[in-house]
Amino acid sequence: QFVESDDDEELLFNIPFTGSVKLKGVIVMGEDDGTHPAELRLFRNIPHMSFDDTAKEAEQTFSLSRDPLGELEYPTKIARFSNVYHLSMHFPKNFGAETTKIFYIGLKGEWTEAHRHEVTICNYEASANPADHKLEQITPQTHFIS
C-alpha cells in the first residue's frame with residue numbers, strides 16, 4: 001500500500017501528536033524510480049497546514065536519496081524539533097515522474113505527555129460587598145443558667 005499524489009508531484013502530510021515530541025530522525029521509503037520523493041520540508045506546530053502555507057520557510061529541508069528498503073535515516077536539528085505537537089511534511093518534488101508515491105514514513109524521537117492548561121476565568125474581590133453575602137436574620141436567644 002502507498003500514498004500517491006493526485007495531479008502533480010507535491011504531497012503534504014499533517015501529523016498531529018497527542019503529546020509533545022522531540023523529533024530526532026525521519027525515514028521515507030518509496031520506489032526505486034522517478035516517483036520517489038526527492039525533497040522533504042519539515043514544518044512544526046502549524047495545525048491545518050495547506051499547500052498555500054508551504055511558501056513559508058521550512059524548519060528543515062532534506063535532499064532525499066532513493067530508498068526502496070527504508071534504510072536511510074535523516075537526522076533532524078533536535079533544537080528546532082524539541083517540542084513538537086504537530087508536524088507537517090511537505091514533499092515538493094520527486095525524481096522526474098508526474099506523481100509521487102510514498103510507501104512508508106518513519107519518525108524517530110521521544111514522546112512526553114502534553115501539559116496543556118486551559119484558560120481559567122476567575123473573579124477576585126478586593127473587599128467583600130455585604131450585598132453579595134446576605135444571611136438569614138439571626139434571632140437572638142438568651143439562655144439563663146440557674
Side-chain angles (χ1 to χ4, degrees), residues 1-140:
Q1 295 184 357
F2 56 87
V3 174
E4 185 173 10
S5 60
D6 291 335
D7 297 332
D8 58 5
E9 67 275 4
E10 281 190 275
L11 271 174
L12 178 65
F13 291 93
N14 284 306
I15 305 167
F17 298 114
T18 57
S20 180
V21 173
K22 180 189 284 187
L23 186 64
K24 296 180 178 181
V26 178
I27 298 172
V28 178
M29 192 170 81
E31 286 195 47
D32 195 14
D33 61 7
T35 62
H36 192 289
E39 186 177 324
L40 167 61
R41 301 175 70 224
L42 294 179
F43 299 88
R44 67 177 174 87
N45 301 338
I46 307 175
H48 312 292
M49 186 171 180
S50 67
F51 283 106
D52 295 334
D53 300 324
T54 60
K56 297 178 183 179
E57 184 177 347
E59 296 290 330
Q60 190 168 0
T61 302
F62 298 99
S63 294
L64 303 178
S65 299
R66 290 186 176 126
D67 186 17
L69 301 177
E71 296 173 335
L72 299 175
E73 180 181 322
Y74 300 94
T76 61
K77 296 176 182 174
I78 296 175
R80 289 190 180 180
F81 294 96
S82 62
N83 186 18
V84 180
Y85 60 86
H86 189 277
L87 181 68
S88 298
M89 303 176 78
H90 179 228
F91 297 92
K93 60 184 179 179
N94 59 20
F95 287 100
E98 289 186 22
T99 61
T100 300
K101 288 183 183 179
I102 296 177
F103 287 87
Y104 176 81
I105 294 175
L107 303 174
K108 180 182 175 184
E110 297 174 8
W111 179 88
T112 55
E113 186 175 354
H115 297 288
R116 296 184 186 161
H117 298 285
E118 299 294 326
V119 175
T120 305
I121 299 173
C122 298
N123 292 323
Y124 294 97
E125 295 181 63
S127 62
N129 183 357
D132 293 339
H133 305 283
K134 293 183 180 180
L135 297 175
E136 291 183 22
Q137 183 69 10
I138 300 175
T139 56

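The two residues S20 and S82 come nearest to each other via the heavy atoms OG-O, 4.4 Å.
By the 4.5 Å heavy-atom criterion applied to side chains, I105 and I27 are not counted as neighbours. Using a 4.5 Å heavy-atom threshold, the side chains of Y74 and S65 count as touching. Counting heavy atoms from C-beta on, the side chains of L87 and V21 never come closer than 4.5 Å. With a 4.5 Å cut-off on side-chain heavy atoms, I15 and L107 count as touching. Residues M89 and L42 have side chains in contact (heavy-atom distance under 4.5 Å, counting atoms from C-beta outward). With contacts defined as side-chain heavy-atom distances shorter than 4.5 Å, the pair T54/P92 does not qualify. Looking at heavy atoms from C-beta onward, L12 lies out of side-chain contact with E10 at the 4.5 angstrom threshold.
Aromatic pair Y85/F17: ring centres not closer than 6.0 Å.
Under a cut-off of 6.0 angstrom, the local environment of CD in E57 is sparse, with at most 12 non-hydrogen atoms contributed by other residues, nucleotides or ligands. Atom CD of E73 is surrounded by more than 12 heavy atoms from other residues, nucleotides or ligands within 6.0 Å.
Formation of a donor-acceptor pair under 3.5 Å by the S5 side chain with backbone atoms of T100 is found in this model. Of the possible donor and acceptor atoms, none in the side chain of R66 sits under 3.5 Å from a partner among the backbone N and O of E31.
In this structure, NZ in K56 is found 8.5 Å from CZ in F43, a value given to the nearest 0.5 Å. Once rounded to the nearest 0.5 Å, the distance linking CD of E9 with CD of E98 reads 9.5 Å. Of the inter-residue distances, the one linking E59 atom CD with N45 atom CG reads 8.5 Å to the nearest 0.5 angstrom. To the nearest 0.5 Å, atoms NE2 (H90) and CG (D53) are separated by 10.5 Å. In this structure, H86 NE2 and N14 CG are separated by 4.5 Å, a value rounded to the nearest 0.5 Å.
There is no side-chain donor-acceptor pair under 3.5 Å between N94 and T35.
Partners of Q60 according to the side-chain contact (heavy atoms from CB on, under 4.5 Å) rule, which considers only residues two or more places apart in sequence or in another chain, are F62, T76, K77, F81.
Between F13 and F91, the ring-plane angle classifies as perpendicular under the 30° and 60° cut-offs. Aromatic ring pairs are classed by plane angle as parallel below 30°, tilted from 30° to 60° and perpendicular above 60°; the pair H36 and F95 is tilted.
In this structure, E39 pairs ionically with K93, as a charged nitrogen and a carboxylate oxygen lie closer than 4.0 Å.
Only one option out of T112, N83, I78 pairs with K22 in a side-chain contact (heavy atoms from CB on, under 4.5 Å); it is I78.
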